[in-house]
Amino acid sequence: MPIYFYDIHEKPFGCFSNFSPHGFELDGEWWKTSEHFFQAHKFVDTPYLEQIRKLPSPKAAFDFARSRQSDVRSDWRMVRDDIMRKAVERKFQFNAEIREILLATGNVLLVEDSPVDFYWGCGSDRQGKNMLGKILMEVRERLRDL
Ligand SMILES: Nc1nc(O)c(N)c(N[C@@H]2O[C@H](COP(=O)(O)O)[C@@H](O)[C@H]2O)n1
């Protein structure tokens, strides 16, 4: 039976969402959430990256990046999966309590149950690509092998 996650307040799997309040240090900076890191890296050669890093919430980071769609780096679709991988892996390396929750899921299928996102999540018909779930399962595999 798959594990569906989305709402950060839903225990125990809300921590799999990029909006969960689990910060980490990466590339010499502090990131409040993996969503901050992901959204900030949509931009190069602009002050936006640093502005997003300092925003108070993942929703603010998401909204800021959405409002500057025309400035998103041209290769974003090529690099977005690797940036997501980097953020998610670091989040679970850095936060031991949620690493244990991830590892305790064994080999169960993880699915971001977004009703609107058919790329990172499964979308309203649950047929979407579920890239975030796939990346979490890859990260789980790598952390298990450490
Ligand atoms: N929990 C939660 N709340 C939201 O409002 C969300 N949008 C998401 N999904 C995350 O949004 C990011 C996708 O951003 P782009 O569409 O690529 O700009 C990604 O981190 C999803 O996991 N989750």
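For ligands, and for the atoms within them, numbers begin at 1 and follow the listed sequence. Just so you know, these numbers come straight off a predicted model, no measurement behind them.
Heavy atoms of Ile8 stay at 4.0 angstrom or farther from ligand 1. In this structure, Ala65 falls outside the shell of residues with a heavy atom less than 4.0 angstrom from ligand 1. Using a 4.0 Å cutoff on heavy atoms, Arg80 does not count as a contact of ligand 1. Put simply, no part of Lys59 is less than 4.0 Å from ligand 1, judged by heavy atoms.
In terms of protein heavy-atom proximity, atom 7 (N) of ligand 1 is nearest to Phe62 CE1, 3.5 Å. Counting protein heavy atoms only, atom 14 (O) of ligand 1 is closest to Gln39 NE2, 3.3 Å. Atom 4 (C) of ligand 1 has as its closest protein heavy atom Tyr6 OH, 3.3 Å. Summary of contacts: the protein heavy atom closest to atom 16 (O) of ligand 1 is Arg66 NH2, 2.7 Å. Protein heavy atom nearest atom 18 (O) of ligand 1, with residue, atom name and distance: Lys42 NZ, 2.6 Å. Of all protein heavy atoms, the one closest to atom 22 (O) of ligand 1 is Glu112 OE2, 2.8 Å. Nearest protein heavy-atom neighbour of atom 17 (O) of ligand 1: Trp120 NE1, 3.2 Å.
A donor-acceptor contact closer than 3.5 angstrom links the side chains of Lys91 and Ser20. Between the side chains of Lys54 and Gln51, not a single donor N or O lies within less than 3.5 Å of an accepting N or O. Between the side chains of Asp81 and Tyr119, at least one donor N or O sits under 3.5 Å from an acceptor N or O. Arg90 and Asn95 share no donor-acceptor pair across their side chains, judged by distance under 3.5 Å alone.
Atom-to-atom distance recorded for Asn130:CG and Asp113:CG is 9.5 Å, nearest 0.5 angstrom. To the nearest 0.5 Å, atom OH of residue Tyr4 and atom OG of residue Ser114 are 13.0 Å apart.
Under 4.0 Å from ligand 1, the heavy atoms of Glu35 that appear belong solely to its side chain.
When each atom of ligand 1 is checked for a heavy atom of Phe38 under 4.0 Å away, the hits are 14 (O), 17 (O). Listed by number with element, the atoms of ligand 1 under 4.0 angstrom from any heavy atom of Ser17 are 1 (N). Contact atoms of ligand 1 toward Met84: 19 (C), 20 (O) (distance under 4.0 Å to a heavy atom of the residue). Listed by number with element, the atoms of ligand 1 under 4.0 Å from a non-hydrogen atom of Leu132 are 22 (O).
Checked by distance only, ligand 1 and Asp117 stay at 3.5 Å or farther apart across all their nitrogen or oxygen atoms.
The main-chain N or O of Phe43 is never found under 3.5 Å from a side-chain atom of Thr46 such that the two would form a donor-acceptor pair.
If you look at His36 and Trp30, their ring centroids are not closer than 6.0 Å. Between Trp76 and Phe38, the ring center distance clears the sub-6.0 Å criterion. Checked against a 6.0 Å centroid threshold, the rings of Phe16 and Phe5 count as neighbours.
Residues Met78 and Val72 share a single hydrophobic cluster, defined by chaining ILVMFWY side chains whose heavy atoms lie under 4.5 Å apart.
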